[in-house]
Enquirer: 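This is the structure I want to talk about, given as structure tokens.
Residue numbers begin at 1 in each chain, while the letters A, B, ... track the order of the sequences.
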2 protein chains.
Amino acid sequence: MSSDIENKFLKQGGRLTDQRKLIAKVMSESNDHPDVDELHKRVNKLDSKISIATVYRTVKLFEESGIIAKHDFKGNKSRYEQTLKEHHDHLIDINTGEITEFVNKDIEKLQKQVAAKLGYELVDHRLELYGSKIKK
Amino acid sequence: MSSDIENKFLKQGGRLTDQRKLIAKVMSESNDHPDVDELHKRVNKLDSKISIATVYRTVKLFEESGIIAKHDFKGNKSRYEQTLKEHHDHLIDINTGEITEFVNKDIEKLQKQVAAKLGYELVDHRLELYGSKIKK
DNA sequence: ATAATTGCAAATGCTTTGCTTGTGA
DNA sequence: TCACAAGCAAAGCATTTGCAATTAT
């Protein structure tokens with residue numbers, strides 16, 4: 001079965017190689033936010049000959065096509081996730097690295113207002129919360 | 001006259017070298033968000049022998065002491081600013097790179113609420129708006 | 001057929017570090 | 001004095017790239 005990423009990529013006229021198929025598959029099946037190294041490891045379980053350069057190139061390609069999203073959280077290398085769901089932001093556990101996604105429309109609205117007040121149209125934003133779990 | 005940064009650093013028991021004094025002075029007089037390269041250039045106008053390694057080391061030192069803040073905006077190298085004013089976030093002009101600072105207590109409050117709802121204590125956050133100037 | 005893609009290794013860009021010499025308290 | 005800091009060049013790390021061989025359409 002072909003993955004979501006695969007289909008989107010084809011629809012955009014991308015050339016589908018075996019490597020790209022596998023990377024698409026792995027990304028599709030990932031519910032976390034793997035970095036390139038991790039992605040490379042996962043892909044290598046399916047085909048040990050795929051080079052990390054190809055993973056870098058593919059991930060960049062998918063990102064430029066809007067099929068996956070890149071995140072640069074503090075202190076980490078770039079992480080990727082499929083852009084399936086609606087837009088969301090991230091809360092990062094400073095102790096474990098665990099990532100929780102959240103959506104908050106009120107914050108979004110305020111951001112737009114802030115930008116407007118400063119004379120800008122909001123094109124993009126980055127909101128990351130860093131916290132530590134409250135033990136009860 | 002000694003800079004704010006210099007005083008804070010001394011109060012923390014830091015050893016004040018000529019190089020650190022100069023970097024502190026330059027940072028104190030900077031109202032923008034220079035990267036290490038830019039900082040090195042500015043400092044070199046006062047003393048052409050200061051190495052970029054020292055700038056890297058000093059900037060890290062000041063940051064760890066909470067005297068200056070480091071920012072990693074999308075696609076750029078790390079930038080620094082003195083932590084004088086109250087906490088603020090940044091709006092980056094995607095066309096010119098111009099940076100505007102802003103404060104929004106409502107957003108802060110909501111962030112804390114979001115974290116709490118997810119079972120976290122908010123320790124830190126990153127909020128950056130990317131926009132393009134509205135021409136009227 | 002042939003333009004695009006791969007794998008490899010080398011190059012890059014920013015940042016850090018080992019080591020020897022210099023210096024602030 | 002002497003532990004710490006500076007300067008230099010080399011090393012590190014994530015990411016990109018040139019090139020020859022391979023492959024999708």
Enquirer: Return the CG to CG distance between B:Asp89 and B:Leu129, rounded to the nearest 0.5 Å.
Expert: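 It comes to 7.5 Å.
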Enquirer: Quick check against the 3.5 Å criterion: does A:Thr100 have a side-chain atom that pairs as donor or acceptor with the backbone of A:His90?
Expert: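 The answer is no, because no donor-acceptor pair under 3.5 Å joins these two groups.
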Enquirer: Need to verify one output field. Residue with the more 5' nearest nucleotide on DNA chain C, B:Leu16 or B:Ala53?
Expert: B:Ala53
Enquirer: Rounded to whole angstrom units, what separation is found between the CG atom of A:Asp72 and the P atom of D:dA14?
Expert: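 Rounding to the nearest Å, CG of A:Asp72 and P of D:dA14 are 13 Å apart.
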Enquirer: Let me know the distance between CZ of B:Arg79 and C1' of C:dC14, rounded to the nearest Å.
Expert: 14 Å
Enquirer: Below 4.0 angstrom, which residues in residues 57-65 of chain B have at least one non-hydrogen atom near DNA chain C?
Expert: B:Arg57, B:Lys60
Enquirer: I want to verify a distance call: between D:dA6, C:dC14, D:dT16, whose nearest atom is closest to the A:Tyr56 side chain?
Expert: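 Among the listed nucleotides, the one closest to the side chain of A:Tyr56 is D:dT16.
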Enquirer: In terms of side-chain heavy atoms of B:Arg20, which of C:dT6, D:dT15, D:dA5 is nearest?
Expert: D:dA5
Enquirer: Taking only nitrogen or oxygen atoms into account, show me every contact under 3.5 Å that the protein makes with nucleotides 20-22 of chain C, one pair per line with its distance.
Expert:
none

Enquirer: So which pairs with a foot in residues 52-61 of chain A pass side-chain hydrogen bond (donor to acceptor under 3.5 Å, both in side chains), sequence neighbours left out?
Expert: A:Ser51-A:Thr54
Enquirer: Among the candidates D:dT15, C:dT6, C:dC14, find the nucleotide nearest to the side-chain atoms of A:Thr54.
Expert: C:dT6
Enquirer: Starting from the 5' end of DNA chain C, give me the residue, B:Val36 or A:Lys49, whose nearest nucleotide shows up first.
Expert: A:Lys49
Enquirer: Counting any heavy atom closer than 4.0 Å, what does A:Ile52 reach on the DNA or RNA strands: base, sugar-phosphate only, or nothing?
Expert: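 Result for A:Ile52 = nothing.
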Enquirer: Would B:Glu86 and B:Lys105 pass as an ion pair if we require N to O under 4.0 Å?
Expert: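 The answer is yes: the pair qualifies as a salt bridge.
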Enquirer: In Å, rounded to the nearest 0.5 Å, how long is the span from CD of B:Gln111 to CD of B:Gln113?
Expert: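 Reported to 0.5 Å precision, the distance equals 10.5 Å.
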Enquirer: Name the one of B:His33, B:Glu63, B:Arg79 that satisfies side-chain contact (heavy atoms from CB on, under 4.5 Å) with B:Lys70?
Expert: B:Glu63
Enquirer: With a cut-off of less than 4.0 Å, is there a side-chain N or O of B:Gln19 near OP1 or OP2 of D:dG7?
Expert: yes
Enquirer: Quick one: which of D:dG7, C:dC14, D:dT15 gets closest to the side chain of B:Ser51?
Expert: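 In terms of side-chain proximity for B:Ser51, the closest of D:dG7, C:dC14, D:dT15 is D:dG7.
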